[in-house]
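See below for the structure under consideration.
Note that the coordinates shown come from a computational prediction; the quantities given were computed from them, not determined experimentally.
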Amino acid sequence: MSRKAEDRRARMEAAIRDLVSRLAQALDRFAGEDQPVGQRLKDGMGCLKGLALSELPEPMQERIDGALGTVNDILATYRIETWEDYQRISQADFIRIHRLFIDLAFNL
């Protein structure tokens with residue numbers, strides 16, 4: 001394997017480790033039942049802030065992009081403009097988003 005290929009593989013493996021870590025953190029935040037649903041959602045979604053998709057394999061990029069697109073579709077009905085607006089999220093929509101993250105975490 002060439003040095004360039006080794007570097008690319010190392011970056012991809014690091015990106016996958018970062019993604020898995022962030023998804024685990026997000027699921028932990030979603031499960032924090034001592035917080036209101038909106039806070040749990042905001043904190044969980046915040047775990048993916050700054051995630052670099054470019055080093056991940058393309059199928060993973062597509063799954064993440066699709067899941068985040070679905071999250072955006074769900075949240076679009078709430079017209080979220082501030083972090084406080086997350087408090088309006090219904091339990092049913094929170095569960096839908098939580099399940100999307102579970103699916104991502106266990107089906108990469």
Which pair of non-hydrogen atoms, one from [X] and one from [Y], has the smallest distance, and what is that distance?
{"X": "A67", "Y": "L104", "value": "CB-CD1, 3.7 Å"}
{"X": "L53", "Y": "Q61", "value": "O-NE2, 3.0 Å"}
{"X": "I89", "Y": "V37", "value": "O-CG1, 4.1 Å"}

- Do any pairs count as a salt bridge (charged side-chain N to carboxylate O under 4.0 Å, His left out) and have a residue in residues 54-71, sequence neighbours left out, and if so which ones? R11-E55, R63-D103
- Message: With side chain to side chain contact (heavy atoms under 4.5 Å, CB included) as the criterion, how do R79 and D85 come out once you've worked through the C-alpha distance, each side chain's angles and the decisive distance to 0.1 Å?
- Response: CA-CA 8 Å; R79 294 182 41 135; D85 293 337; over 6 Å; no
- Salt-bridge test for D7 and K4: reply yes if a basic N is under 4.0 Å from a carboxylate O, no otherwise. no
- Query: So, are E6 and R8 salt-bridged, with charged N and O less than 4.0 Å apart?
  - Reply: no
Would you give the length of the straight line joining atom [atom1] of [X] to atom [atom2] of [Y], rounded to the nearest 0.5 angstrom?
{"X": "M12", "Y": "S54", "atom1": "CE", "atom2": "OG", "value": "13.0 Å"}
{"X": "R22", "Y": "R17", "atom1": "CZ", "atom2": "CZ", "value": "13.5 Å"}
{"X": "L68", "Y": "F101", "atom1": "CG", "atom2": "CZ", "value": "6.0 Å"}
{"X": "R96", "Y": "R99", "atom1": "CZ", "atom2": "CZ", "value": "10.5 Å"}

Under 3.5 Å, which donor-acceptor pairs link side chains of residues 26-36 to any protein atom two or more places apart or in another chain?
from	atom 1	to	atom 2	distance (Å)
R29	NH1	Q25	O	3.3

Quick one: does [X]'s side chain get under 4.5 Å of [Y]'s, heavy atoms only?
{"X": "R40", "Y": "Y86", "value": "no"}
{"X": "M60", "Y": "I16", "value": "yes"}
{"X": "N107", "Y": "I102", "value": "no"}
{"X": "I64", "Y": "L19", "value": "yes"}

- Item | Passing candidate, side chain to side chain contact (heavy atoms under 4.5 Å, CB included) with L75, options T70, L41, D93 | L41
